[in-house]
Amino acid sequence: MSQKDASSAPGRLALADWQRLSPWAVGLMLVTASLSLVRQHLPLLLGAGAGLALVEGVGWREVGGVAALLLLLGGLLSLLYYRRFRFRLDGDVLVIQKGLFEHREFKVSARHVQHIAVHQPLYLRPFDVVQWQVETLAGEASRIELPGIRRELADALGETLQGADDTDVPSEEPAGEPDAPSQPRSRVRYALTPRGLVLHGLTSRSIYVIAAMLSPLLQPLEGWLHHRLPQLDLLAWLPDSPLVAVGLGMGVVVLVLTALSVLAAWWRFHGYVLRDEGERQVQVSGLFHRHEQVLSLSRLQVVEWGQTGLGRVLGRGYLVCHQFGALGGAAAESRRFLVPGVTLAEGEALIESLLPGSGTLPPLNRVSRVYRRVLWLRSLLGLSAGVALLAWLAGPMLLSPWAWGLVAAGLAGLAAGAAQLRWQALGWAQQGETLHVRQGLWGQRTSVFPLSHVISLRLCQSWLQRRRGVATLQLQVANGRLTLPFLDEPLARALADRLLASVESVTEHSPEPGRRSACAARR
């Protein structure tokens with residue numbers, strides 16, 4: 001897109017001209033920075049008594065004068081920061097210039113844009129100002145932020161950068177339709193209902209995160225109960241049975257964690273809406289702090305359908321869309337494109353719309369039954385080691401041979417049941433040019449991706465696998481490593497050759513090296 005196009009596009013701002021931050025954002029940045037500085041250092045002074053000694057020795061007037069002088073200095077620096085910070089679009093390249101004492105310039109090409117996020121804290125809503133972030137293929141280290149711009153300016157930047165790749169694709173519309181709209185009309189593809197939001201809070205893993213966050217409070221709470229419990233008249237309503245009392249206590253803890261998990265879901269996903277804008281998929285959510293993320297379908301690599309154990313019982317799950325460079329880690333978790341609280345039918349419809357041709361989730365193929373025997377042997381050895389350890393800790397156990405036989409039979413049956421469940425949970429299916437891979441036992445994840453989106457693959461065989469005629473296929477995709485163990489060797493080699501052929505065909509037809517979806521190698 002040229003500068004003329006960016007300037008003359010109907011309903012679009014003149015992005016080719018230099019733009020500046022919103023004055024409201026600069027003022028609010030000064031206020032929040034001052035409050036953060038006071039919150040970090042004032043408790044230290046007051047806690048040590050140095051603050052009162054300073055006020056008594058110098059006087060309130062002098063302290064107020066110094067504070068006013070610092071505030072004035074901060075205002076002057078903020079004004080200088082505002083004047084030095086500017087940005088514009090040079091064709092399809094975003095140019096940002098900033099710096100107080102050292103002038104720096106950043107350039108981001110539209111074809112290298114990986115992730116765009118828009119945040120609107122509660123204190124920025126009255127001014128219609130947002131915090132805009134862009135991240136390139138280089139990862140989190142390449143993140144560039146515009147700390148406060150107008151909402152319409154942020155929308156124009158996102159549409160221009162995310163839609164720049166579409167201008168390189170030749171239009172297939174007839175020449176006799178010059179008045180056809182160039183951009184599809186935005187429509188709501190999915191909206192999260194209050195019931196779905198509550199069920200997502202119940203079925204998500206937030207309860208484990210909250211429990212881990214509250215675990216440091218257990219020791220202070222135990223000390224408080226040790227000192228305060230004898231003074232409280234609780235014997236009147238506590239049950240006489242210790243087991244019942246412990247059960248009630250654990251039930252209260254689970255209810256509290258569940259309530260906090262639901263509140264966390266409301267805080268993060270209240271008002272969740274997924275809008276379809278053609279190439280761009282935009283999601284907006286948040287109770288007080290509004291979050292907005294943009295997904296470009298041309299950069300979509302893997303769609304992951306996930307369900308926790310309770311989610312499988314309640315019939316709810318979530319979708320995670322992975323783009324280039326999302327190989328895991330804390331940074332990838334923070335920028336995941338998540339669609340929460342969906343049913344199986346809604347998830348299949350969304351997967352089909354995001355990855356056309358993927359269809360519904362098909363019946364999955366099992367791996368070789370040899371893998372079930374290996375799982376049974378591993379489980380039996382683990383259970384036997386656990387029973388032997390308990391017997392050693394408990395001391396000599398005088399059991400009859402029949403009793404030991406029953407214990408051995410019980411362990412073998414339990415190991416067989418666990419191996420059967422784990423074997424059934426793992427599956428895969430190829431549907432046209434799309435591959436489905438399911439992993440997990442209690443909580444399951446099904447990764448859906450085109451065959452050409454494999455980054456690398458590895459075909460390996462152990463000594464046992466060579467004797468049994470099976471092989472293990474390891475696939476590296478955008479959401480991590482997927483392993484298909486103990487496939488029949490002819491099937492594994494045929495699938496590996498099919499994946500390599502798909503990747504090579506896409507690589508040969510890629511117009512630019514930067515747009516190649518994957519580069520696979522087989523060992």
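Remember, it's a predicted structure, so these values are computed and weren't measured experimentally.
Using a 4.5 Å heavy-atom cutoff, the side chains of S261 and S204 are in contact. In this structure, the side chains of L274 and L350 come closer than 4.5 Å at one or more pairs of heavy atoms. Looking at heavy atoms from C-beta onward, L319 lies out of side-chain contact with F337 at the 4.5 angstrom threshold. In this structure the side chain of Y272 reaches within 4.5 angstrom of the side chain of Y190, judged on heavy atoms. Looking at heavy atoms from C-beta onward, E304 lies out of side-chain contact with T446 at the 4.5 angstrom threshold. Side chains of Q424 and R372 form no contact here, defined as non-hydrogen atoms less than 4.5 Å apart. Side-chain contact check for P194 versus W266: some heavy-atom pair is nearer than 4.5 Å. Inter-residue side-chain proximity for Q97 and F85 is flagged as unmet; no heavy-atom pair is nearer than 4.5 Å.
Between P340 and Y318, the shortest heavy-atom distance links the atoms CA-CB, 4.1 Å. Closest of all the heavy-atom pairs between Q461 and V470 is NE2-O, 2.8 Å. Among all heavy-atom pairs drawn from L451 and G432, the shortest one is CD1-O, 4.3 Å. The two residues L484 and G427 make their nearest non-hydrogen contact at CD2-O, 4.5 Å. The nearest pair of heavy atoms linking L197 to A265 is CD1-O, 3.4 Å. In terms of heavy-atom proximity, G271 sits nearest to R290 at O-NH2, 3.9 Å.
Within a 6.0 Å sphere centred on CZ of R481, heavy atoms belonging to other residues, nucleotides or ligands number 12 at most.
Between the side chain of R438 and the main chain of Q444, no donor-acceptor pair closer than 3.5 Å is present. With R458 contributing its side chain and Q476 its backbone, the two residues share no donor-acceptor pair below 3.5 Å. Checked by atom type and distance alone, the side chain of S109 never pairs as donor or acceptor with a backbone atom of H112 at under 3.5 Å. Side chain of W305 to backbone of E348: no donor-acceptor contact under 3.5 angstrom is found. Panel note: side chain T308, backbone G311; a donor-acceptor pair is recorded below 3.5 Å. Side-chain N or O atoms of E105 include none that pairs as donor or acceptor with a backbone N or O of V95 at under 3.5 Å. Distance alone, capped at 3.5 Å, places no donor-acceptor pair between the E292 side chain and the V282 backbone. The closest donor-acceptor contact from the side chain of H453 to the backbone of Q301 lies under 3.5 Å. Of the possible donor and acceptor atoms, one in the side chain of R312 sits under 3.5 Å from a partner among the backbone N and O of W442. Between the S505 side chain and the S502 main chain, a donor and an acceptor come within less than 3.5 Å of each other.
Donor-acceptor pairing under 3.5 Å is recorded for the side chains of S447 and N479. For S353 and R189, the side-chain atoms include at least one donor-acceptor pair closer than 3.5 Å. Defined by atom type and a distance below 3.5 Å, a donor-acceptor pair is missing between the side-chain atoms of Q323 and S296.
Remark: of the listed residues R88, R150, R86, R150 is the sole one forming a side chain to side chain contact (heavy atoms under 4.5 Å, CB included) with Q19.
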For this session: Decide side chain to side chain contact (heavy atoms under 4.5 Å, CB included) for L146 and F87; before the verdict, give the C-alpha distance in whole Å, the side-chain angles of both, and the deciding distance to 0.1 Å.
Result: CA-CA 9 Å; L146 301 179; F87 58 95; 4.0 Å; yes
Exercise. Going through the distances and angles, do T343 and R316 end up as a side chain to side chain contact (heavy atoms under 4.5 Å, CB included)?
Worked result: CA-CA 5 Å; T343 62; R316 292 284 172 166; 3.7 Å; yes
Problem set entry | Residues S298, E279; criterion side chain to side chain donor-acceptor pair (under 3.5 Å); working and verdict | CA-CA 7 Å; S298 61; E279 171 65 19; 2.9 Å; yes
For this session: Carefully, step by step, assess R493 and D497 under the rule salt bridge (charged side-chain N to carboxylate O under 4.0 Å, His left out).
Result: CA-CA 6 Å; R493 294 189 180 277; D497 293 338; over 6 Å; no
For this session: Go through the steps for W132 and E145 under the test side chain to side chain contact (heavy atoms under 4.5 Å, CB included), then give the verdict.
Result: CA-CA 6 Å; W132 189 84; E145 180 178 0; over 6 Å; no
For this session: Verify side chain to side chain contact (heavy atoms under 4.5 Å, CB included) between R84 and K98, making sure each step is shown before the conclusion.
Result: CA-CA 5 Å; R84 294 286 182 88; K98 64 178 181 177; 5.8 Å; no
For this session: Give the C-alpha distance, both sets of side-chain angles, the deciding distance and a yes or no for salt bridge (charged side-chain N to carboxylate O under 4.0 Å, His left out) between D128 and R151.
Result: CA-CA 6 Å; D128 199 23; R151 179 66 192 219; 5.6 Å; no
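Between F269 and H200, the ring planes are perpendicular. Angles over 60° get that label, and only those under 30° would be called parallel.
Distance check, rounded to the nearest 0.5 Å: CG of L354 to CD of Q281 gives 6.0 Å. In this structure, the separation between CG on L475 and CG on L459 is 10.0 Å, given to the nearest 0.5 Å. The CG atom of L426 sits 9.0 Å away from the CG atom of L364 when rounded to the nearest 0.5 Å. To the nearest 0.5 Å, the span separating NE2 on H289 from CD on Q131 amounts to 6.0 Å. If you take CD on Q430 and CG on L495, they are separated by 6.5 Å, rounding to the nearest 0.5 Å. Residue S285 holds its OG atom at 10.0 Å from NE2 of H270, rounded to the nearest 0.5 Å.
Taking the ring centroids of F288 and W267, they lie under the 6.0 Å cut-off.
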